[in-house]
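Data first, discussion second: the structure below is written as structure tokens.
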Number of protein chains: 2
Amino acid sequence: MPDHSQKQDVTIYDIAEALGVSPSTVSRSLKEHPSISKETIRKVRKQAKKMGYRSNIFAQNLRRQKTNIIGVIVPRLNSHFMSSAISGMEKVANKNHYKIIISQSHEQAVNEASNVEMMLEQRVDGLIVSLAYNTMDLHHFDAITEQHTPLIFFDRVADLPNSTNVVIDNYQAAYKMTNHLIDEGCSRIVHITGNTSRNVYSGRLKGYKEALLEHQLSYDSDLVFINDLREEDGEQVARKILEMDQLPDAVFASNDVCAVSCMALLQEHGIEIPRDIAIAGFNNDPISRFVKPKITTVDYDGERVGEVVAQNLINHLEGDDHISITNTIVLNSDLIIRDSSRKQDAG
Amino acid sequence: MPDHSQKQDVTIYDIAEALGVSPSTVSRSLKEHPSISKETIRKVRKQAKKMGYRSNIFAQNLRRQKTNIIGVIVPRLNSHFMSSAISGMEKVANKNHYKIIISQSHEQAVNEASNVEMMLEQRVDGLIVSLAYNTMDLHHFDAITEQHTPLIFFDRVADLPNSTNVVIDNYQAAYKMTNHLIDEGCSRIVHITGNTSRNVYSGRLKGYKEALLEHQLSYDSDLVFINDLREEDGEQVARKILEMDQLPDAVFASNDVCAVSCMALLQEHGIEIPRDIAIAGFNNDPISRFVKPKITTVDYDGERVGEVVAQNLINHLEGDDHISITNTIVLNSDLIIRDSSRKQDAG
DNA sequence: TTGTATGCGTTATCAA
DNA sequence: TTGATAACGCATACAA
């Protein structure tokens, strides 16, 4: 057993003894309680520094029943959107003296549930969640809401009372994107998206359908692909496209990675973008700018989402806010038209 | 003030009372202490579940002086390498019932120091760090080592006694890459890298130099660019390249984002890759595969790095390991030769 | 302005 | 096999 035991910590008792005062005086001095004289405060602080005192946070937590820790559960960490979102949360949390504990569900409801349990055990002050791909039943959040632990969902949100959702208008974004493609003369538009039990994907699918209908274009379910939106999924759709009797004239994917991998495979088979097929993605992942042609996408600023989510939660925790009864915050998201569209004016 | 107060928690006293046994019996039953009868254990567990008991972790921590929390400090979260590394750490931590608390230094030593202080306050069981760009003085880690809190650096590591480093052989990787470019007939090779106070960048620069020297190629400092390796830095180098009297025949950048942005701007100015200039990056960021041509790079698997780092730390914490006196773990990293090199055989 | 005493929920030691 | 009791370090109600 390695020896990392001797964290012989200095306590307020040690300081009290050294100074010949009581522990409570030390405790109060350390947080500049108004009833303590300036002189005492000065002395205590000096002694504390001298002895290398560091407040024991467990004892504090135990007394105050508060941790200043925010729990974050996400499907996975290593996508551009998610890591940016986490970055934004960390920034805001740090500024407000909160810490964040992170866990991944790896897109599995069962992991999500055990992560929630872990967060509960940690007694997080609040919880931020983006749902796993296959989460249907939401009962694993019951204990959270029962204890009135503030709960905020973002991106992939839930329909749960007493929780807040931070989203963009996925319907509108997809509606605008599809309209844009139609305006460019596309009429056979492939849509690649994820599990439509998730708000983000159902919203986008709906926007896509609506735009078609408004232009008297028939909705063809053979042109809609539901998958996990990973690199290989984009490629697989590309292969299916190449086998179609009649080629589509556009592909609109629900994320950029999928759009880009689909495009790459199409290009390898001699399809010219955007002449033969126009391409559109979602998220404004850096990758969307680096491919050729640059792909049209929807600006979805993870960093900002993360900031808003964290700030909202902290406001709530600090009491600057009311109890939310299923409150929803909708952030902006704009089309970014690029070379993979047939015209390049602003949308 | 919103009402998230009534976390009227069930304690072992409540269970004890309900069952007519002592709190110690409950405590022991809950952790299946060998001296407690099966029957009692069964009863206690049942009652605990019935009453919705959840152990208070502060009290536990307070008693045991242990948190099962690992602190992680990184320059920034939202790069592919870093978010993958964190993902790997989270995976291993989760499996071993550890939690991770994350903070960003935003590449500033001053933030790094305050993050360390925060981790100390949280009483993390161990600390994982990748250094900020401009960290020179390492005294902000003194308190960590003094308490014998295990400390592991990865990627951007330090030369500190009683800490472990997890790295790849940056010298070798850059040496091989430069050799590869030379083998392809390149002789004026631009190298873009970061602050050479950081091991990763000094190692790579050294490998680059060494390869040149071994081939009787003179080292030209005008071909070496030290910057922050961001998207805009790659573009700026591209502009400088375009102004050169004699064009280089290769660019070797210390990360893929920088390599790719440099390449894109060169291409916009009619340079053909790899005919006019070959391109090489570092990290095997997905972006390196999606650009055209795909760029040659160094495989640097963040997920694996994260796993190794976390596993090593946990082994140490669990006592399966000795106290490390400046131990170094070197992970594998291989060249990935792609279209942006002039030949495409394996390196 | 400061001190005393108690409790936060657990675990570990000792005794029964 | 179980129980009583004393910590762990801090914060606060009450007393002085």
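Every value quoted in this text rests on a predicted model; they were computed, and no experiment measured them. Every chain is numbered from 1 and lettered A, B, ... according to where its sequence line falls, protein lines coming before strand lines. Heavy atoms only: backbone and side chains are in, while hydrogens, waters and symmetry mates are out.
A:Asp155 contributes no side-chain N or O that, together with a main-chain N or O of A:Val200, makes up a donor-acceptor pair within less than 3.5 Å. Between the side chain of B:Asn96 and the backbone N or O of B:Val92 there is at least one donor-acceptor pair closer than 3.5 Å. Judged by distance alone, with hydrogens and angles left aside, the side-chain atoms of B:Arg198 form a donor-acceptor pair with the main-chain N or O of B:Thr135 at under 3.5 Å. A distance-only check finds no donor-acceptor pair linking the side chain of B:Asn327 to the backbone of B:Ser163 [under 3.5 Å]. Judged by distance alone, with hydrogens and angles left aside, the side-chain atoms of A:Asn199 form a donor-acceptor pair with the main-chain N or O of A:Val157 at under 3.5 Å. At least one donor-acceptor pair closer than 3.5 Å links the side chain of B:Ser29 to the backbone N or O of B:Thr25.
Near-neighbour residues of DNA chain D inside residues 18-29 of chain B, defined by a heavy atom below 4.0 Å, number-ordered: B:Val21, B:Ser22, B:Ser24, B:Thr25, B:Arg28. Against DNA chain C, the stretch residues 31-46 of chain A makes heavy-atom approaches under 4.0 Å through A:Ser35, A:Ile36, A:Ser37, A:Thr40.
Side-chain N/O atoms of B:Ser55 and A:Glu121 include no donor and acceptor closer than 3.5 Å. The closest side-chain donor-acceptor pair between B:Ser84 and B:Glu303, if any, does not fall under 3.5 angstrom.
For the side-chain contact (heavy atoms from CB on, under 4.5 Å) test, residues two or more places apart in sequence or in another chain that qualify with A:Ser197 are A:Met136, A:Asn195. Residues satisfying the side-chain contact (heavy atoms from CB on, under 4.5 Å) criterion with A:Glu17, sequence neighbours excluded, are absent altogether. Contacts of A:Asn68 classified as side-chain hydrogen bond (donor to acceptor under 3.5 Å, both in side chains), with partners at least two apart in sequence or in another chain: A:Lys66. Under the side-chain hydrogen bond (donor to acceptor under 3.5 Å, both in side chains) criterion, B:His106 pairs with no residue, sequence neighbours left out. Every residue meeting the side-chain hydrogen bond (donor to acceptor under 3.5 Å, both in side chains) condition with A:Ser24, not counting sequence neighbours, appears here in chain and number order: A:Ser22. For B:Tyr53, the ring pair (Phe, Tyr, Trp, His ring centres under 6.0 Å) test picks out no residue, with sequence neighbours left out. Not counting sequence neighbours, the partners of B:Arg45 by the side-chain hydrogen bond (donor to acceptor under 3.5 Å, both in side chains) test are B:Glu32.
The span of DNA chain C lying next to chain A, judged by atoms under 4.0 Å from heavy atoms, is bounded 5' to 3' by C:dT1 to C:dG9. Running 5' to 3' along DNA chain D, contacts with non-hydrogen atoms of chain A at under 4.0 Å begin and end at D:dG9 to D:dA13.
The overall bend of the helix from C:dT1-D:dA16 to C:dA16-D:dT1, read as the angle between its terminal helix axes built from five base pairs each, is 40° when rounded to 10 degrees.
Heavy atoms of A:Phe58 sit nowhere under 4.0 angstrom from any nucleic acid atom.
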